[in-house]
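Report on the following structure.
Numbering of ligands and ligand atoms starts at 1, following listing order.
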Amino acid sequence: MPAAASGAPSLPESLVLRSLRWGDFEPLVAIYYELYEERAEGHPVGIALFRHRPTRADEVDWFTRLFRATLAGEDVMVIAEVDGRAVGNCTVAPVGPLRQSETGHIGLLGVLIDRRYRGRGIGTALLARCLEECRGQFEQVRLSVHADNERAIRIYRRLGFVPCGHIPRGIKRGEGYIDEELMILDLTRWSPPSAPHKH
Ligand SMILES: CC(C)(COP(=O)(O)OP(=O)(O)OC[C@H]1O[C@@H](n2cnc3c(N)ncnc32)[C@H](O)[C@@H]1OP(=O)(O)O)[C@@H](O)C(=O)NCCC(=O)NCCS
(Lines give C-alpha, C1' and ligand atoms only; values in the text may rest on other atoms or scores of the structure.)
Protein backbone atom coordinates (compact mmCIF):
# COMPACT_ATOMS: atom_id res chain seq x y z
CA MET A 1 0.00 0.00 0.00
CA PRO A 2 1.07 3.65 -0.40
CA ALA A 3 3.44 5.18 2.12
CA ALA A 4 2.14 7.38 4.90
CA ALA A 5 1.27 10.91 3.88
CA SER A 6 3.99 12.42 6.12
CA GLY A 7 7.55 12.93 4.90
CA ALA A 8 8.90 13.32 1.40
CA PRO A 9 7.21 11.13 -1.18
CA SER A 10 9.44 8.43 -2.56
CA LEU A 11 9.28 5.72 -5.15
CA PRO A 12 7.80 2.55 -3.63
CA GLU A 13 10.53 0.07 -2.73
CA SER A 14 8.82 -2.74 -4.60
CA LEU A 15 8.30 -0.80 -7.84
CA VAL A 16 9.02 -2.89 -10.93
CA LEU A 17 8.78 -1.60 -14.49
CA ARG A 18 8.06 -4.45 -16.86
CA SER A 19 6.22 -5.54 -19.97
CA LEU A 20 2.51 -6.33 -20.18
CA ARG A 21 1.23 -9.67 -18.89
CA TRP A 22 -2.09 -11.37 -19.48
CA GLY A 23 -2.75 -11.22 -15.73
CA ASP A 24 -2.70 -7.40 -15.83
CA PHE A 25 -6.22 -7.33 -17.23
CA GLU A 26 -8.09 -7.09 -13.92
CA PRO A 27 -5.95 -4.39 -12.24
CA LEU A 28 -5.73 -2.27 -15.40
CA VAL A 29 -9.47 -2.38 -15.94
CA ALA A 30 -10.06 -1.55 -12.27
CA ILE A 31 -7.75 1.50 -12.55
CA TYR A 32 -9.51 2.60 -15.74
CA TYR A 33 -12.98 2.13 -14.27
CA GLU A 34 -12.01 4.26 -11.29
CA LEU A 35 -11.58 7.22 -13.64
CA TYR A 36 -15.34 7.11 -14.20
CA GLU A 37 -15.84 7.32 -10.43
CA GLU A 38 -13.35 10.19 -10.21
CA ARG A 39 -15.26 12.02 -12.94
CA ALA A 40 -18.57 11.37 -11.19
CA GLU A 41 -17.05 12.80 -7.98
CA GLY A 42 -16.16 15.97 -9.90
CA HIS A 43 -12.39 15.44 -9.98
CA PRO A 44 -10.55 16.84 -13.02
CA VAL A 45 -9.80 13.51 -14.70
CA GLY A 46 -6.98 14.13 -17.16
CA ILE A 47 -8.01 11.55 -19.73
CA ALA A 48 -10.84 11.76 -22.26
CA LEU A 49 -13.43 9.17 -21.31
CA PHE A 50 -16.50 7.73 -22.94
CA ARG A 51 -19.86 9.18 -21.95
CA HIS A 52 -20.70 5.88 -20.27
CA ARG A 53 -18.31 3.41 -18.74
CA PRO A 54 -17.42 0.71 -21.29
CA THR A 55 -18.57 -2.82 -20.53
CA ARG A 56 -16.19 -5.57 -19.44
CA ALA A 57 -16.66 -7.09 -22.88
CA ASP A 58 -15.40 -3.82 -24.38
CA GLU A 59 -12.43 -3.99 -22.05
CA VAL A 60 -11.67 -7.56 -23.10
CA ASP A 61 -11.60 -6.37 -26.72
CA TRP A 62 -9.31 -3.46 -25.78
CA PHE A 63 -6.95 -5.65 -23.77
CA THR A 64 -6.80 -8.39 -26.39
CA ARG A 65 -5.93 -5.88 -29.09
CA LEU A 66 -3.33 -4.27 -26.85
CA PHE A 67 -1.77 -7.58 -25.88
CA ARG A 68 -1.56 -8.66 -29.50
CA ALA A 69 -0.06 -5.29 -30.52
CA THR A 70 2.62 -5.43 -27.83
CA LEU A 71 3.51 -9.03 -28.70
CA ALA A 72 3.77 -8.05 -32.36
CA GLY A 73 6.02 -5.12 -31.47
CA GLU A 74 3.51 -2.59 -32.83
CA ASP A 75 2.84 -0.88 -29.50
CA VAL A 76 5.37 -0.18 -26.75
CA MET A 77 3.88 -0.66 -23.31
CA VAL A 78 5.43 -0.55 -19.87
CA ILE A 79 3.62 -1.61 -16.72
CA ALA A 80 4.39 -0.19 -13.26
CA GLU A 81 3.98 -2.91 -10.66
CA VAL A 82 3.98 -2.38 -6.91
CA ASP A 83 3.76 -5.28 -4.46
CA GLY A 84 3.12 -7.65 -7.35
CA ARG A 85 0.14 -5.73 -8.78
CA ALA A 86 -0.07 -3.42 -11.80
CA VAL A 87 -0.62 0.18 -10.63
CA GLY A 88 -0.10 1.97 -13.91
CA ASN A 89 0.74 1.75 -17.55
CA CYS A 90 2.30 3.80 -20.29
CA THR A 91 1.62 2.98 -23.92
CA VAL A 92 2.96 4.35 -27.16
CA ALA A 93 1.05 3.18 -30.22
CA PRO A 94 1.55 4.11 -33.88
CA VAL A 95 -0.62 7.11 -34.84
CA GLY A 96 -1.54 5.48 -38.12
CA PRO A 97 -3.09 2.10 -38.69
CA LEU A 98 0.23 0.41 -39.34
CA ARG A 99 3.92 0.83 -38.58
CA GLN A 100 4.54 0.40 -42.30
CA SER A 101 2.57 3.53 -43.18
CA GLU A 102 4.13 6.94 -43.80
CA THR A 103 3.20 7.94 -40.23
CA GLY A 104 4.63 4.76 -38.75
CA HIS A 105 7.58 6.64 -37.24
CA ILE A 106 5.23 8.55 -34.92
CA GLY A 107 3.88 7.13 -31.69
CA LEU A 108 0.97 8.40 -29.64
CA LEU A 109 1.48 8.28 -25.87
CA GLY A 110 -0.97 7.58 -23.07
CA VAL A 111 -0.23 7.12 -19.36
CA LEU A 112 -2.32 6.31 -16.32
CA ILE A 113 -1.43 5.65 -12.68
CA ASP A 114 -3.78 4.25 -10.03
CA ARG A 115 -4.96 7.26 -8.03
CA ARG A 116 -3.69 5.75 -4.77
CA TYR A 117 -0.13 5.77 -6.16
CA ARG A 118 0.07 9.19 -7.83
CA GLY A 119 2.57 11.83 -6.74
CA ARG A 120 5.31 9.38 -5.74
CA GLY A 121 7.42 9.50 -8.86
CA ILE A 122 5.97 6.39 -10.48
CA GLY A 123 4.54 8.26 -13.48
CA THR A 124 7.86 9.98 -14.17
CA ALA A 125 9.83 6.73 -13.89
CA LEU A 126 7.30 4.88 -16.04
CA LEU A 127 7.31 7.53 -18.76
CA ALA A 128 11.10 7.64 -18.83
CA ARG A 129 11.32 3.86 -19.19
CA CYS A 130 8.65 3.76 -21.87
CA LEU A 131 10.41 6.49 -23.88
CA GLU A 132 13.69 4.58 -23.54
CA GLU A 133 11.97 1.52 -24.99
CA CYS A 134 10.53 3.62 -27.81
CA ARG A 135 13.97 4.63 -29.02
CA GLY A 136 14.69 2.81 -32.23
CA GLN A 137 10.95 2.05 -32.57
CA PHE A 138 9.61 5.55 -33.08
CA GLU A 139 11.28 8.80 -34.11
CA GLN A 140 8.70 11.08 -32.59
CA VAL A 141 6.23 10.74 -29.73
CA ARG A 142 3.09 12.85 -29.61
CA LEU A 143 0.49 13.34 -26.97
CA SER A 144 -2.58 15.31 -26.20
CA VAL A 145 -3.14 16.52 -22.65
CA HIS A 146 -5.96 18.47 -21.05
CA ALA A 147 -4.83 22.07 -20.63
CA ASP A 148 -5.81 21.96 -16.94
CA ASN A 149 -3.72 18.83 -16.26
CA GLU A 150 -0.82 20.79 -14.85
CA ARG A 151 0.89 17.85 -13.15
CA ALA A 152 1.05 15.87 -16.38
CA ILE A 153 2.20 18.89 -18.42
CA ARG A 154 5.03 19.59 -15.93
CA ILE A 155 6.21 15.99 -16.16
CA TYR A 156 6.07 15.98 -19.95
CA ARG A 157 8.05 19.23 -20.13
CA ARG A 158 10.67 17.90 -17.73
CA LEU A 159 11.07 14.84 -19.93
CA GLY A 160 11.63 17.00 -22.99
CA PHE A 161 8.21 17.29 -24.64
CA VAL A 162 7.51 20.65 -26.23
CA PRO A 163 4.10 22.19 -26.87
CA CYS A 164 3.07 22.20 -30.52
CA GLY A 165 -0.54 23.29 -30.49
CA HIS A 166 -3.62 24.18 -28.54
CA ILE A 167 -7.10 22.98 -29.39
CA PRO A 168 -9.79 25.08 -27.74
CA ARG A 169 -12.72 23.00 -26.47
CA GLY A 170 -11.06 19.78 -27.62
CA ILE A 171 -12.86 17.78 -24.96
CA LYS A 172 -16.58 18.01 -24.22
CA ARG A 173 -17.37 16.77 -20.72
CA GLY A 174 -21.03 17.02 -19.83
CA GLU A 175 -22.04 20.57 -20.73
CA GLY A 176 -18.51 21.92 -20.29
CA TYR A 177 -15.39 21.98 -22.42
CA ILE A 178 -11.70 21.43 -21.76
CA ASP A 179 -8.94 22.76 -23.99
CA GLU A 180 -6.31 20.32 -25.28
CA GLU A 181 -2.56 20.89 -25.44
CA LEU A 182 -0.58 18.99 -28.06
CA MET A 183 3.03 18.11 -27.28
CA ILE A 184 5.80 16.34 -29.16
CA LEU A 185 9.15 14.78 -28.32
CA ASP A 186 11.90 14.27 -30.88
CA LEU A 187 13.18 10.84 -29.82
CA THR A 188 16.11 10.98 -32.23
CA ARG A 189 17.65 13.73 -30.04
CA TRP A 190 16.34 12.56 -26.67
CA SER A 191 18.35 11.04 -23.89
CA PRO A 192 16.92 9.57 -20.68
CA PRO A 193 16.81 11.82 -17.60
CA SER A 194 19.86 11.47 -15.37
CA ALA A 195 17.83 10.79 -12.20
CA PRO A 196 17.99 7.10 -11.43
CA HIS A 197 14.82 5.08 -11.77
CA LYS A 198 13.91 1.54 -10.84
CA HIS A 199 14.62 -1.44 -13.04
C1 LIG B 1 -0.35 12.28 -14.79
C2 LIG B 1 0.15 11.01 -14.07
C3 LIG B 1 0.39 9.89 -15.06
C4 LIG B 1 1.47 11.37 -13.37
O5 LIG B 1 1.89 10.23 -12.64
P6 LIG B 1 2.39 10.40 -11.14
O7 LIG B 1 2.92 9.11 -10.68
O8 LIG B 1 1.31 11.02 -10.33
O9 LIG B 1 3.56 11.47 -11.36
P10 LIG B 1 4.87 11.65 -10.49
O11 LIG B 1 4.62 11.22 -9.09
O12 LIG B 1 6.01 11.04 -11.20
O13 LIG B 1 5.06 13.21 -10.58
C14 LIG B 1 4.12 14.02 -9.92
C15 LIG B 1 4.81 14.89 -8.92
O16 LIG B 1 5.39 14.11 -7.89
C17 LIG B 1 6.75 14.51 -7.72
N18 LIG B 1 7.48 13.38 -7.17
C19 LIG B 1 7.22 12.86 -5.97
N20 LIG B 1 8.06 11.89 -5.70
C21 LIG B 1 8.89 11.74 -6.72
C22 LIG B 1 9.99 10.88 -6.99
N23 LIG B 1 10.40 9.96 -6.14
N24 LIG B 1 10.59 10.99 -8.20
C25 LIG B 1 10.18 11.91 -9.08
N26 LIG B 1 9.16 12.75 -8.86
C27 LIG B 1 8.51 12.69 -7.68
C28 LIG B 1 7.15 14.98 -9.06
O29 LIG B 1 8.24 15.89 -8.99
C30 LIG B 1 5.92 15.68 -9.53
O31 LIG B 1 5.89 16.95 -8.96
P32 LIG B 1 5.10 18.13 -9.62
O33 LIG B 1 3.63 17.75 -9.57
O34 LIG B 1 5.41 19.30 -8.78
O35 LIG B 1 5.59 18.25 -11.02
C36 LIG B 1 -0.86 10.54 -12.98
O37 LIG B 1 -1.05 11.57 -12.05
C38 LIG B 1 -2.18 10.08 -13.56
O39 LIG B 1 -2.35 8.93 -13.89
N40 LIG B 1 -3.16 11.01 -13.66
C41 LIG B 1 -4.47 10.68 -14.18
C42 LIG B 1 -4.42 10.32 -15.65
C43 LIG B 1 -3.71 11.37 -16.47
O44 LIG B 1 -3.88 12.56 -16.25
N45 LIG B 1 -2.91 10.91 -17.43
C46 LIG B 1 -2.20 11.78 -18.35
C47 LIG B 1 -3.04 11.99 -19.57
S48 LIG B 1 -2.21 12.99 -20.78
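- The shortest contact between atom 48 (S) of ligand 1 and any protein heavy atom is with Y156 OH, 3.0 Å.
- Looking at D58 and T55, their side chains do bring a donor and an acceptor atom within 3.5 Å of each other.
- The protein atom (non-hydrogen) at minimum distance from atom 7 (O) of ligand 1 is G123 N, 2.7 Å.
- Taking distance alone, with nitrogen or oxygen atoms compared against 3.5 Å, L112 stays at or beyond that limit from ligand 1.
- The two residues D24 and S19 have their closest heavy-atom pair at OD2-O, 4.3 Å.
- Of all protein heavy atoms, the one closest to atom 4 (C) of ligand 1 is I155 CD1, 3.6 Å.
- Of the heavy atoms in R154, only side-chain atoms (C-beta onward) come closer than 4.0 Å to ligand 1.
- Under the 4.0 angstrom criterion, atom 17 (C) of ligand 1 counts as lacking any protein heavy-atom contact.
- The only member of E34, H146, R173 that meets side-chain contact (heavy atoms from CB on, under 4.5 Å) when paired with V45 is R173.
- Side-chain polar atoms of E180 and S144 form a donor-acceptor pair below 3.5 angstrom.
- For ligand 1, one of its N or O atoms has an N or O atom of R120 under 3.5 Å away.
- Looking only at heavy atoms of the protein, atom 1 (C) of ligand 1 is closest to A152 CB, 3.8 Å.
- Here the protein heavy atom with the shortest distance to atom 12 (O) of ligand 1 is T124 OG1, 2.5 Å.
- Residue-ligand proximity, I47 to ligand 1, at heavy-atom distances under 4.0 Å covers atoms 42 (C), 43 (C), 45 (N), 47 (C).
- By the 4.0 Å heavy-atom criterion, L143 is excluded from the residues contacting ligand 1.
- The aromatic rings of W22 and F63 sit perpendicular to each other, their planes meeting at more than 60°, with 30° as the lower class boundary.
- Put simply, CD1 on I79 and CG on L17 are 10.0 Å apart, with the number rounded to the nearest 0.5 Å.
- Considering only non-hydrogen atoms, atom 10 (P) of ligand 1 lies nearest to G121 out of A80, G121, P12.
- Between the side chain of Y33 and the backbone N or O of L28 there is no donor-acceptor pair closer than 3.5 Å.
- Atom CZ of R151 is separated from atom OH of Y156 by 12.0 Å, given to the nearest 0.5 angstrom.
- A donor-acceptor contact under 3.5 angstrom links the side chains of D83 and S14, judged on distance only.
- Scanning the protein for heavy atoms near atom 14 (C) of ligand 1, the closest one is R151 NE, 3.5 Å.
- The shortest N or O to N or O distance between V145 and ligand 1 is not below 3.5 Å.
- The shortest N/O to N/O separation between V111 and ligand 1 falls below 3.5 Å.
- Note that the CE atom of M183 and the CG atom of L143 stand 6.5 Å from one another [nearest 0.5 Å].
- Side-chain contact annotation: R142 with Q140, donor-acceptor N/O pair under 3.5 Å present.
- At least one heavy atom of S144 sits less than 4.0 Å from an atom of ligand 1.
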Worksheet item: Taking it one step at a time, do R53 and E59 satisfy salt bridge (charged side-chain N to carboxylate O under 4.0 Å, His left out)?
Response: CA-CA 10 Å; R53 199 179 85 165; E59 294 305 293; over 6 Å; no
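- Annotation: N149 places an N or O atom under 3.5 Å from an N or O atom of ligand 1; distance criterion only.
- Residue I113 touches ligand 1 through backbone and side chain together, judged by heavy-atom distances below 4.0 Å.
- By the 4.5 Å heavy-atom criterion applied to side chains, L187 and E139 are not counted as neighbours.
- If you check which protein heavy atom lies closest to atom 40 (N) of ligand 1, you get R118 NE, 3.6 Å.
- Note on ligand 1: R158 sits in its first shell, one or more heavy atoms being nearer than 4.0 Å.
- Counting heavy atoms only, G119 comes closest to atom 19 (C) of ligand 1 of the residues G88, G46, G119.
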